[in-house]
Amino acid sequence: MSLFYFPKTSVFILGPNHRCVKPYLDIFRPGRSRMPSVTSENSLNPAPEAPKAEDRPMPDADQEQEQPTGEEEEDTDSMDGSGLYSLTEEGERESEGGGRREKAKDEGSKRAGRKRNHPSGGGTSGHSSSSDEDDDDDDDEKCKEEEDSSVQAVEEWLGAELRELDGPRWRAVPSLRAREIGRGSAQFVRRVCGSRGLVQRLELQGRLERHSGCVNTLHFNPSGTRLASGSDDLRVVIWDWARRRAELEFDTGHKSNVFQAKFLPHSGDTTLAMCARDGQIRIAELSATQRCKNTKRVAQHKGAAHKLALEPDSPCSFLSAGEDAVVFDIDLRLDRPATKLVVVKEGDKKVGLYTIFVNPANTHHFAVGGRDQYVRIYDQRKINENENNGVLKKFCPSHLVSSESKIHITCLVYSHDGSELLASYNDEDIYLFDSSHSDGADYRRRYKGHRNNATVKGVNFYGPCSEFVVSGSDCGHIYLWDKHSARVVQFMEGDRGGVVNCLEPHPHLPGLATSGLDHDVKLWAPTAENPTSLKGLKEVMKKNKRERDEDSARHGDQYDTQLLWFLMRHMRNRRPLRVSEDHSHFKLAPKTFGTLYSFAHSSAKPHATCTESQYAYFGSTVVIYKYIVFT
């Protein structure tokens, strides 16, 4: 069962899902590694003898691949083409030019038809025909000028606020030589994991398939040996991800979509904290014999609870944030674990929360984001709601402070040392703030090209020293930006369902796990022989920007996710639903289909899929709904 979302028409269609995904590649077999072997200076960047057409790099990359043969050491930490994606690709110029020629040809044929339809003879008639042709030519020139100016504006937007990529910080051959003689071995792994050369070689390694709903959360345990995933099917699975085997699967006790499940640090991987759309904060106690002892509720929000914030050194305390604007401090050592820490407000108005994160360098500080444009930082030791609503300081991009559109923050995270704060805005860009700056400071970097509209999308740092920024997108791709230059250095196709929501880097190894509207978890590792060519990046970025601008111009007012959730619950309560044994997570019989419509526009184009309960995520722009059930 899937829900299809049509952004240009604001149409949701609930229908069957016939996808079948299978494992992609075997990884980490004993005695076998797909990492490039290092036998010479050029071994980490071999040149294929006969590259395929689809793997051929862009023209810029080809030029920079030609290195002098006498050079002793090859730079393996930079992508061929130096990661500078071109904004004027020749192939795309030709395709755009061809499209214009076809359009001009069609318009010319239309003008000829109009000319034939004009009556001939007589000075007045001839003058009228000539005048009409002049008007048509003026209209054509005006349309062409508008089209060219629009294309130029997108090009300028893509190229704005970018910096040059720094030189490589890690070189394979010198580092390997130094490690062999005992120099720099302690920092070798950290430098490798943070190198641009390995990021540009990330590729899909395999899939973890167990869930029967969209996978909303991923979290590695502190040692990186286990991976927890939570889903719309109300279950959590603990994976031995290296062997691609589920070690434990249990029912969470939640009544709606599981949004987050995290291992508590220093708990021996026996305590898992969870939150969900039903507003409950629950704890799962796991045993060493791979079973779940029990789950219990420790707090209850009055709205959906999207995120939990762990304290790095505490096995028994953490924070939760909900759409009721409340932040709970939860201490499992107390008889009543939940204590209301703060109610987030802007003036007298409550601000529903989507995300929360604790500063890893100063655990008294935590940041929250939600249904407005402000990143708020609090200090747990001195929250006084009578003074500035208890806020220590607020950050917001200057151009969004007075924005009339309903901008909100879907996710924020601190860097590894707490010095920087990353925030992803709904249908806007990703912004990097300096957490040490004063109240009201503007952003330092801006990362763009992706699309964050359809779901509550995550963002994260990648690398042991937060060298990169990684995010999913509504277009189904995964983007990795160099943090300093804000340039895209990796671009991978993620979920077939069209939306990538969750990105979880491994704590110690150069790899990450991702999930979204597909019902599986995808594993990525730097095993590609050649760096990425960023093929198709420019086209996808332009498409995302164009769709974002169209949606922004079309819809001035948007209904929030709480309205969607209310509508669906109301529909469920009015109609008795039969529960199938094999499809119980849909709460519909296997052959029962539903269609959720909004009659705002006439054109329709499939965009994303999800389960029947997933659509409550969408910050939709719907106007009128109609629910139809077919049996």
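Just the heavy atoms: all of them, side chains too, but no hydrogens, waters or symmetry mates, feed the values below.
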Tell me, do Thr252 and Thr295 make a side-chain contact under 4.5 Å, heavy atoms counted?
no

From CD (Glu164) to CG (Asp482), nearest 0.5 Å:
11.0 Å

Evaluate the side chain to side chain contact (heavy atoms under 4.5 Å, CB included) criterion for residues Cys316 and Asp331: first the C-alpha distance (whole Å), next the side-chain angles of each, then the deciding distance (0.1 Å), finally the verdict.
CA-CA 6 Å; Cys316 52; Asp331 190 335; 4.2 Å; yes

Atom CZ of Phe461 and atom CG of Leu503: how far apart are they, to the nearest 0.5 Å?
13.5 Å

Close side-chain approach of Met274 to Lys262, heavy-atom, < 4.5 Å
no

Any side-chain heavy atom of Ile377 sitting closer than 4.5 Å to one from Asn359?
no

Where the side chain of Ser267 meets the backbone of Pro315, is there a donor-acceptor pair that is under 3.5 Å apart?
no

If only atom types and distance count, is the side chain of Lys522 paired as donor or acceptor with the main-chain N or O of Gly516 below 3.5 Å?
no

Steps toward side chain to side chain contact (heavy atoms under 4.5 Å, CB included) verdict (Ile281, Ile330):
CA-CA 9 Å; Ile281 310 299; Ile330 300 173; 3.6 Å; yes

Compute the centroid of each ring, for His437 and then for Phe395, and state whether the two points are separated by less than 6.0 Å.
no

Please examine the side chains of Cys411 and Lys457, heavy atoms only from C-beta on, and report whether any two atoms are closer than 4.5 Å.
no

For the pair Arg451 and Asp551, find out whether any cationic side-chain nitrogen is under 4.0 Å from an anionic carboxylate oxygen.
yes

For Arg196 and Asp166, what are the C-alpha separation, side-chain angles and deciding distance, and is it a salt bridge (charged side-chain N to carboxylate O under 4.0 Å, His left out)?
CA-CA 10 Å; Arg196 191 164 67 237; Asp166 293 335; over 6 Å; no

Between His506 (side chain) and His508 (backbone), is there a donor-acceptor pair under 3.5 Å?
yes

Between Asp324 (side chain only) and Val326 (backbone N and O only), is there a donor and an acceptor less than 3.5 Å apart?
yes

Return the NZ to SG distance between Lys307 and Cys275, rounded to the nearest 0.5 Å.
7.5 Å

Spacing of CG belonging to Asp474 relative to CG belonging to Asp427, to within rounding of 0.5 Å
7.5 Å

Examine distances only and state if a side-chain atom of Asn221 and a backbone atom of Asp269 form a donor-acceptor pair shorter than 3.5 Å.
no

Shortest non-hydrogen pair, Pro265 vs Pro222, comes out as CA-CG, 4.3 Å

Is there a donor-acceptor pair closer than 3.5 Å between any side-chain N or O of Tyr425 and the backbone N or O of Gln373?
yes

Taking the side chain from Ser435 and the backbone from Leu421, do they hold a donor-acceptor pair closer than 3.5 Å?
no

Checking the side chain of Asn257 only, and the main-chain atoms of Phe259 only, is there a donor and an acceptor separated by less than 3.5 Å?
no

Heavy-atom closest contact (Asn460 atom, Pro505 atom, distance)
ND2-CD, 3.4 Å

With respect to Phe250, which candidate in Val237, Val236, Asn294 satisfies the side-chain contact (heavy atoms from CB on, under 4.5 Å) definition?
Val236

Apply the test side-chain hydrogen bond (donor to acceptor under 3.5 Å, both in side chains) to residues Asn452 and Thr410: give CA-CA distance (whole Å), side-chain angles for both, the deciding distance (0.1 Å), then the verdict.
CA-CA 9 Å; Asn452 178 9; Thr410 62; 3.1 Å; yes

Could you tell me if the side chain of Val391 sits less than 4.5 Å from the side chain of Tyr374, heavy atoms only?
no

Is a side-chain N or O of Trp170 found less than 3.5 angstrom from the main chain of Cys193, in a donor-acceptor match?
no

Val215 side chain reached by Cys502 side chain, heavy atoms, under 4.5 Å:
no

Which value, rounded to the nearest 0.5 Å, describes the distance between Tyr431 atom OH and Asp442 atom CG?
9.0 Å

Surrounding CZ of Arg381 (heavy atoms of other residues, nucleotides or ligands, distance under 6.0 Å), is the total greater than 12?
yes

For Ala261 and Leu272, which heavy atoms make the closest approach, and how far apart are they?
CB-CD2, 4.2 Å

Quick one: do Glu420 and Arg445 make a salt bridge, cutoff under 4.0 Å?
no

Quick one: do Asn216 and Asp232 satisfy side-chain hydrogen bond (donor to acceptor under 3.5 Å, both in side chains)? Show the steps, please.
CA-CA 7 Å; Asn216 305 318; Asp232 287 353; 2.6 Å; yes

Minimum-distance pair of heavy atoms, taken over all atoms of Ala276 and Val258
CB-CA, 3.9 Å

With a 4.5 Å heavy-atom cut-off, do Asp313 and Thr363 have their side chains touching?
no

Sequence neighbours left out, cut at 3.5 Å: what donor-acceptor pairs do the side chains of residues 339-352 make with other protein atoms?
from   : atom 1 : to     : atom 2 : distance (Å)
Glu346 : OE1    : Arg376 : NH2    : 2.6
Glu346 : OE1    : Lys394 : NZ     : 3.1
Glu346 : OE2    : Lys394 : NZ     : 3.4

Parallel, tilted or perpendicular: which one describes the rings of Tyr443 and Phe433, with boundaries at 30° and 60°?
perpendicular

One should read off an interatomic distance between Ile478 CD1 and Met492 CE, to the nearest 0.5 angstrom, of 4.5 Å

Pro312 and Val358 have their tightest heavy-atom pair at CD-CG1, 4.5 Å

Can Glu428 and Lys448 be counted as an ion pair, charged N to O under 4.0 angstrom?
no

In terms of relative ring orientation, are Tyr378 and Phe366 parallel, tilted or perpendicular, with 30° and 60° separating the classes?
parallel

Sidechain-backbone polar pair: Thr355 side chain, Leu412 backbone, donor-acceptor under 3.5 Å
yes

Check the orientation of Tyr462 and Phe468. Use parallel for under 30°, tilted for 30 to 60°, and perpendicular for over 60°.
tilted

Could you go through the side chain to side chain contact (heavy atoms under 4.5 Å, CB included) check for Val368 and Leu319 one step at a time?
CA-CA 11 Å; Val368 297; Leu319 306 180; over 6 Å; no

Parallel, tilted or perpendicular: which fits the ring planes of His450 and Tyr479, with parallel below 30° and perpendicular above 60°?
perpendicular

Using salt bridge (charged side-chain N to carboxylate O under 4.0 Å, His left out), reason through Arg235 and Asp233 one step at a time and then give a plain yes or no.
CA-CA 6 Å; Arg235 302 182 70 78; Asp233 60 11; 5.8 Å; no

Show your working on side chain to side chain contact (heavy atoms under 4.5 Å, CB included) between Gln260 and His219 and close with a plain yes or no.
CA-CA 8 Å; Gln260 199 153 54; His219 188 248; over 6 Å; no

Taking atom types as modelled and ignoring hydrogens, do the side chains of Glu323 and His301 form a donor-acceptor contact shorter than 3.5 angstrom?
no

Show the nearest heavy-atom pair for residues Ser195 and Val192, with the distance to one decimal.
OG-O, 2.8 Å

Side-chain heavy atoms of Thr514 within contact of Val470, under 4.5 Å:
no

